[in-house]
Enquirer: 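Sharing a structure here in structure tokens format.
Numbers restart at 1 for each chain; the letters A, B, ... are given by sequence-line order, proteins then strands.
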There are 2 protein chains.
Amino acid sequence: MAPRRPSSRAKILKAAAAVAREAGIGHFSLDAVAARAGLSKGGLLYNFPTKSKLLEALVEEHLVEFEAELSNYAACSAGRPNALAASFLAVTRDQDYPQEQQPAGLLAALAKDPSFLEPVLRFNRQTLTRMTATASDPHMVLVAFLAIEGLRLTRLLGLDVLDASERAAAYAKLEALLAASTPA
Amino acid sequence: MAPRRPSSRAKILKAAAAVAREAGIGHFSLDAVAARAGLSKGGLLYNFPTKSKLLEALVEEHLVEFEAELSNYAACSAGRPNALAASFLAVTRDQDYPQEQQPAGLLAALAKDPSFLEPVLRFNRQTLTRMTATASDPHMVLVAFLAIEGLRLTRLLGLDVLDASERAAAYAKLEALLAASTPA
DNA sequence: TTGACTTCACCGACCAGACGGTACAGTTAA
DNA sequence: TTAACTGTACCGTCTGGTCGGTGAAGTCAA
């Protein structure tokens, strides 16, 4: 599991993410990744013996990064009601990047085989379970989770219809709902 | 615009949707669509001169169907607060199909070229504008819209983590929030 | 009526390029 | 020396798209 030469692997993963974003999913080719990483195809395939392994690693990397990001925010939200949901929201707000910076690797993986997203599904399920476990109003947390996923996924797919002020309003409203949530 | 022989076009579009669902996006090939439609590739390309045109039509068809569905529900919601949002929610609830019945053609189109989803973006933008225009609490409607999109997109991508009872609870909570919404 | 001609809808062989993956020889650091 | 790593050449497959047909139906002049 531990890479012997982490620099190559990391470089490749970064290049792969860039290719997925720029070339578009569906044009995610090994040649493109190798070229982008400043590497020959042989070198690429030495590090990732198949395209599937590369996509798997890309999904894995994204999850690890996101998890780290989430726990960074945990401190700020600690003690507040619905702390985890508030962190999830805060991460999403602060990652409000334009479409060119989305983790398109997830989509490239999906295009190859939907089952590559199973780790994401497990992570989301676990996060949701933790979020509702301590919630004063679990149903409100469900709605908030869905809204946040709505924000994240519309962004990922380039289907984000909210303008900047609407997004800000949505974030604020969600924060308020989470902070004030009591069973209806 | 009006097809001279609608039967072939309709048959092909149906087959294309089926192929997108069953073969998975990324394996959406013209040969597969032609075979599924009981047609030669030549015949397919007679009706849709390029793959792009086919995907375009697939997206268009989906939007038309969804729009019709939405206006079917408009009557039921008429008069209620946030009528359009309520309809949008109701359609989403009643289309709570398993993942095998999702409009995967949208993803196939996305894989080929993200700009194929622009009509969807326009439609969503328009729907959201109409939803907020008459809302007593526009920010609540924003949140509801995002939550519904969350439901729809997680479903589409196979990332739906809610179990049946949670989904039911989420639908109910959203209905309640929309029905009772007054400015916070 | 009939025969020449046109259009429509479709067929299927074929092609060129892209792509994933293999084979293997070379290089370099320990 | 050896093991980790890289580069290059190549292969087979898949796939979108082209192209020359084919039969059925219709049109129309003589």
Side-chain angles (χ1 to χ4, degrees), chain A residues 1-16 18-59 104-105 107-116, chain B residues 1-20 22-59 104-105 107-116:
Chain A
M1 198 49 72
R4 271 168 286 216
R5 282 201 41 188
S7 69
S8 269
R9 275 185 71 99
K11 206 168 51 177
I12 290 168
L13 285 174
K14 207 176 150 196
V19 168
R21 277 191 294 267
E22 291 165 19
I25 87 175
H27 298 93
F28 181 83
S29 70
L30 294 184
D31 294 270
V33 173
R36 177 83 190 206
L39 204 69
S40 69
K41 199 155 120 178
L44 170 59
L45 284 164
Y46 178 81
N47 287 277
F48 296 95
T50 67
K51 190 182 188 181
S52 293
K53 295 279 185 192
L54 174 58
L55 290 170
E56 216 173 289
L58 212 50
V59 172
L107 291 180
L110 176 72
K112 171 83 176 174
D113 184 346
S115 68
F116 282 134
Chain B
M1 198 49 74
R4 271 168 286 219
R5 282 199 39 188
S7 69
S8 268
R9 274 185 72 98
K11 207 167 52 176
I12 289 169
L13 286 174
K14 207 176 148 195
V19 167
E22 292 165 19
I25 89 176
H27 298 93
F28 181 83
S29 70
L30 294 184
D31 294 271
V33 174
R36 177 84 189 206
L39 205 68
S40 72
K41 197 153 119 179
L44 169 59
L45 284 164
Y46 176 79
N47 286 278
F48 296 94
T50 66
K51 191 182 188 182
S52 294
K53 295 277 186 193
L54 174 58
L55 290 170
E56 215 174 288
L58 213 50
V59 172
L107 291 180
L110 175 72
K112 172 83 176 174
D113 186 344
S115 67
F116 282 135

Enquirer: Taking atom P of D/dG17 as reference, at what distance in whole Å does atom NZ of B/Lys53 sit?
Expert: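 Spelled out: NZ on B/Lys53 to P on D/dG17 is 12 Å.
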
Enquirer: Please name the pair of heavy atoms, one in B/Asn47 and one in B/Ser8, separated by the smallest distance, quoted to 0.1 Å.
Expert: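 The pair with the smallest heavy-atom distance is OD1-CB, 3.8 Å.
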
Enquirer: Minimum heavy-atom separation for B/Ala32 and B/Val19, please, with both atom names.
Expert: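 Minimum heavy-atom contact is O-CG2, 3.8 Å.
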
Enquirer: Take atom CZ of A/Arg9 and atom P of D/dC5, then tell me their distance rounded to the nearest Å.
Expert: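 In whole Å, D/dC5 P lies 11 Å from A/Arg9 CZ.
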
Enquirer: For nucleotides 24-30 of chain C, tabulate all protein N/O to nucleotide N/O atom pairs closer than 3.5 Å, reporting atom names and distance.
Expert:
none

Enquirer: Would you mind reporting whether B/Thr50 and B/Lys53 have side-chain heavy atoms less than 4.5 Å apart?
Expert: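 Side-chain contact under 4.5 Å: yes.
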
Enquirer: Answer yes or no: does a side-chain N or O of B/Ser52 lie under 4.0 Å from OP1 or OP2 of D/dG17?
Expert: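 So the side-chain polar atoms of B/Ser52 never come under 4.0 Å of the phosphate oxygens OP1 or OP2 of D/dG17.
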
Enquirer: For a quick test of reading the model, state the closest non-hydrogen atom pair linking B/Leu58 to B/Gly105 and the distance between them.
Expert: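 Scanning both residues, the minimum pair turns out to be CD2-CA, 3.7 Å.
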
Enquirer: Select base, sugar-phosphate, or nothing to describe what B/Leu39 touches, counting heavy atoms under 4.0 Å on all strands.
Expert: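 If one applies the 4.0 Å heavy-atom cut-off, B/Leu39 turns out to touch the sugar-phosphate alone, with no base involved.
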
Enquirer: Evaluate the side-chain proximity of A/Leu30 to A/Leu54: yes if any heavy-atom separation is below 4.5 Å, no if none is.
Expert: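 Yes, side chains in contact.
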
Enquirer: Between C/dC10 and B/Tyr46, is there an OP1 or OP2 to side-chain N/O distance shorter than 4.0 Å?
Expert: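 No, B/Tyr46 has no side-chain N/O under 4.0 Å of OP1/OP2 on C/dC10.
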
Enquirer: Using atom CG of B/Leu44 as one end and atom C1' of C/dA9 as the other, report the distance to the nearest whole Å.
Expert: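 Value for this atom pair: 13 Å.
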
Enquirer: Mind listing the closest non-hydrogen atom pair of A/Ala109 and A/Phe116 along with its distance?
Expert: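 Where A/Ala109 meets A/Phe116 most closely, the heavy atoms are O-CD1, 3.4 Å.
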
Enquirer: For D/dA4, take OP1 and OP2 only and decide whether either is under 4.0 Å from a side-chain N or O of A/Asn47.
Expert: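 Negative; the distance criterion is not met.
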
Enquirer: Test: side chain to side chain donor-acceptor pair (under 3.5 Å). Region: residues 26-35 of chain B. Which pairs qualify, not counting sequence neighbours?
Expert: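 Pairs touching residues 26-35 of chain B that pass the test: B/Asp31-B/Lys41.
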
Enquirer: Counting C-beta onward and ignoring hydrogens, is there a side-chain heavy-atom pair between B/Lys51 and B/Phe28 closer than 4.5 Å?
Expert: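 Counting from C-beta outward, B/Lys51 and B/Phe28 do come under 4.5 Å.
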
Enquirer: Considering the options B/Leu45, B/Leu44, B/Val33, which one meets the side-chain contact (heavy atoms from CB on, under 4.5 Å) requirement together with B/Leu39?
Expert: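 Testing B/Leu39 for a side-chain contact (heavy atoms from CB on, under 4.5 Å) against B/Leu45, B/Leu44, B/Val33 leaves exactly one candidate, B/Leu44.
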
Enquirer: Tell me the interatomic distance from A/Phe48, atom CZ, to C/dG21, atom P, rounded to whole angstroms.
Expert: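 Checked: the CZ to P distance equals 14 Å.
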
Enquirer: Dump every N/O contact between nucleotides 10-16 of chain D and the protein below 3.5 Å, one line per pair.
Expert:
from, atom 1, to, atom 2, distance (Å)
D/dG16, OP1, B/Phe28, O, 3.4
D/dG16, OP1, B/Lys51, NZ, 2.6
D/dG16, OP2, B/Leu30, N, 2.8
D/dG16, N7, B/Lys41, NZ, 2.7

